[in-house]
Amino acid sequence: MSTNGSTSRILQFLAPEERHLFGIETPFQRLAWQMQDILGDGGVLKEVIHAGEGPPIPLHASVSIHFSGFLEYSEAPFETTSHLKYPRMMKLGRDVTLYGLELGLLTMRKDEFSRFLFKPKYAYGDLGCPPHIPPLATILYEVQVLDFLDTAKVDDFMDLTLEEQNTVPLSTLLNVVDTQRSFGNLCFNKKRYEDARERYKQAVILLQNRVPVDEEEKKHLEEVKLPFLLNLSLTYLRQEKHQKALCYGQKALDISPHNTKALFRCGQACLEMKDYEKAQDYLTLAQAKKPFDPDINTLLKKLALCYKDYLDKERDMCFKMFSGLKPTEK
């Protein structure tokens, strides 16, 4: 938010009633004329700059947003996420601590960009937040919704005891783990691998805790668990934790022994750990299932080069070792 020069900066030292007495309208007052009163008491005003799409953000959702907060007459925000390529997901009711911002978010949709004015009651109150926010400050927030997920059902399910979780319909559990998958994928795509990993792990634990009523349900639970194990293997590869990646790849193979993705993940992990023979075994099996897959064939070529380089170095080391030995005199 820019200023209007030195005159505007001087005006901030005038009390609101003094500005009104002299007919002076502040920048925030001028902005308020074009904004919508979303509560009816003038405490939270909104202006939509770019409309979003889909349903509004639900109560207790987890949101990913860009935001910047400004004081009146300030040239720079007192807080901003503009330096972050992928801001973290925040849980409404827990991580979003500014009351007005939370109320404002509940009126927004995905991809929406809006401005809000928050009166002190919905911002930092009578005392402000020294040293950055003065007492009784009205503040401006610019907010862009990147994405959100309705995680209320997940929260409710996680609050149940293990015994209670086993009494709910299977469809409820599957909805919960599907939300965890979506949450994990969202975090993964934003390279927040720690957050993605925790979501995938929670889903696996929930599936493992379920006591199946029969063999058919047991088989179905294993099938649902498979993509989470594959996602965990890939996530650990991105984090360069190759032993963990191999572990989850092997767990996926326990469920589906000929799964191409699992074989490929295990081959990747072994290659990174320089276990070239095991990498060859996994990738050859994967290639047998999908002989024309470009990723598998590319990794096999990389393996061949790495193995050749390894053998060349071994040969050079042996040559240097034995070339230094003098022949025994008779």
Side-chain angles (χ1 to χ4, degrees), residues 1-4 8 12 26-125 128-129 132-134 136-152 155 179 182-183 185-187 189-192 195:
M1 170 136 183
S2 61
T3 65
N4 295 321
S8 295
Q12 66 182 301
T26 72
F28 279 5
Q29 287 173 338
R30 288 196 297 272
L31 186 60
W33 284 110
Q34 63 196 49
M35 304 180 86
Q36 176 189 3
D37 183 356
I38 65 173
L39 298 180
D41 64 356
V44 178
L45 305 180
K46 176 183 179 180
E47 178 187 15
V48 177
I49 307 301
H50 180 273
E53 56 185 18
I57 297 174
L59 198 64
H60 305 306
S62 293
V63 299
S64 177
I65 60 174
H66 270 306
F67 63 87
S68 297
F70 296 89
L71 292 170
E72 199 166 23
Y73 303 107
S74 295
E75 295 182 355
F78 60 83
E79 69 169 345
T80 184
T81 61
S82 61
H83 60 289
L84 300 175
K85 185 176 182 180
Y86 301 116
R88 69 184 183 92
M89 297 290 287
M90 297 190 297
K91 176 75 175 174
L92 296 183
R94 185 185 67 195
D95 301 323
V96 181
T97 55
L98 198 69
Y99 186 38
L101 179 57
E102 180 154 346
L103 294 173
L105 284 170
L106 294 174
T107 70
M108 299 186 73
R109 305 170 190 273
K110 184 178 178 180
D111 296 326
E112 180 180 329
F113 177 70
S114 291
R115 289 194 186 106
F116 294 92
L117 278 176
F118 302 132
K119 292 295 178 66
K121 177 183 176 182
Y122 296 95
Y124 294 95
C129 187
H132 302 294
I133 312 296
L136 294 169
T138 295
I139 56 176
L140 169 71
Y141 263 75
E142 296 179 343
V143 184
Q144 179 186 9
V145 176
L146 303 177
D147 213 334
F148 69 87
L149 280 171
D150 186 355
T151 53
D155 298 332
T179 300
S182 297
F183 204 141
N185 291 349
L186 182 63
C187 294
N189 292 333
K190 294 182 178 182
K191 300 183 179 180
R192 302 189 67 88
D195 294 335

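We use all heavy atoms of the structure for the numbers below, so side chains are in, but hydrogens, waters and symmetry mates are not.
Taking OG1 of Thr80 as the reference point, atom CZ of Phe70 lies at 7.0 Å (rounded to 0.5 Å). From Tyr122, atom OH reaches atom CZ of Phe116 across 14.0 Å, with rounding to the nearest 0.5 Å. Atom CD of Gln144 sits about 11.5 Å away from atom OG of Ser82, to the nearest 0.5 Å. Remark: Tyr124 OH to Leu136 CG distance equals 14.5 Å, nearest 0.5 Å. In this structure, CD on Glu79 lies 10.0 Å from NE2 on His132, to the nearest 0.5 angstrom. The distance from the CG atom of Leu105 to the CZ atom of Phe67 is 9.5 Å, given to the nearest 0.5 Å.
When side chains are defined from C-beta on, Ile139 counts as touching Leu71, because their heavy atoms get closer than 4.5 Å. The closest side-chain heavy-atom distance from Thr138 to Glu72 is not below 4.5 Å. Side-chain contact between Val145 and Val63 is absent, with no heavy-atom pair separated by less than 4.5 Å. Using a 4.5 Å heavy-atom cutoff, the side chains of Asp195 and Lys190 are not in contact. Residues Ile49 and Glu142 are not in side-chain contact: their nearest non-hydrogen atoms beyond the backbone lie 4.5 Å or more apart.
Within 6.0 Å of the NE2 atom in His60, the count of heavy atoms belonging to other residues, nucleotides or ligands does not exceed 12. Counted within 6.0 Å of OH on Tyr99, heavy atoms from surrounding residues, nucleotides or ligands total 12 or fewer; the atom is thus considered open. Annotation: Lys91, atom NZ; neighbour count of heavy atoms from other residues, nucleotides and ligands within 6.0 Å is above 12.
Residues Leu59 and Asp150 come closest through the heavy atom pair O-OD1, 4.4 Å. The two residues Ile65 and Thr81 come nearest to each other via the heavy atoms O-OG1, 3.9 Å. Across every non-hydrogen atom of Gly42 and Lys119, the tightest pair is O-CG, 3.4 Å. What you find for Met108 and Val143 is that their closest heavy atoms are CE-O, 3.6 Å. Arg109 and Gly54 get closest at one heavy-atom pair: NH1-O, 2.6 Å. For the pair Met89 and Asp95, the tightest heavy-atom approach, listed with the atom from each and the gap, is O-OD2, 4.3 Å.
In terms of modelled atom types and a separation under 3.5 Å, the side chain of Asp147 and the main chain of Ser64 share no donor-acceptor contact. For the pair Arg115 (side chain) and Glu47 (backbone), a donor-acceptor distance under 3.5 Å is absent. Side chain of Glu102 to main chain of Leu92: no donor-acceptor pair is present (N/O by atom type, distance under 3.5 Å, no hydrogens or angles). A donor-acceptor contact shorter than 3.5 Å links the side chain of Thr26 to the backbone of Gln29.
Under the ring pair (Phe, Tyr, Trp, His ring centres under 6.0 Å) criterion, Phe148 pairs with no residue at all, not counting sequence neighbours.
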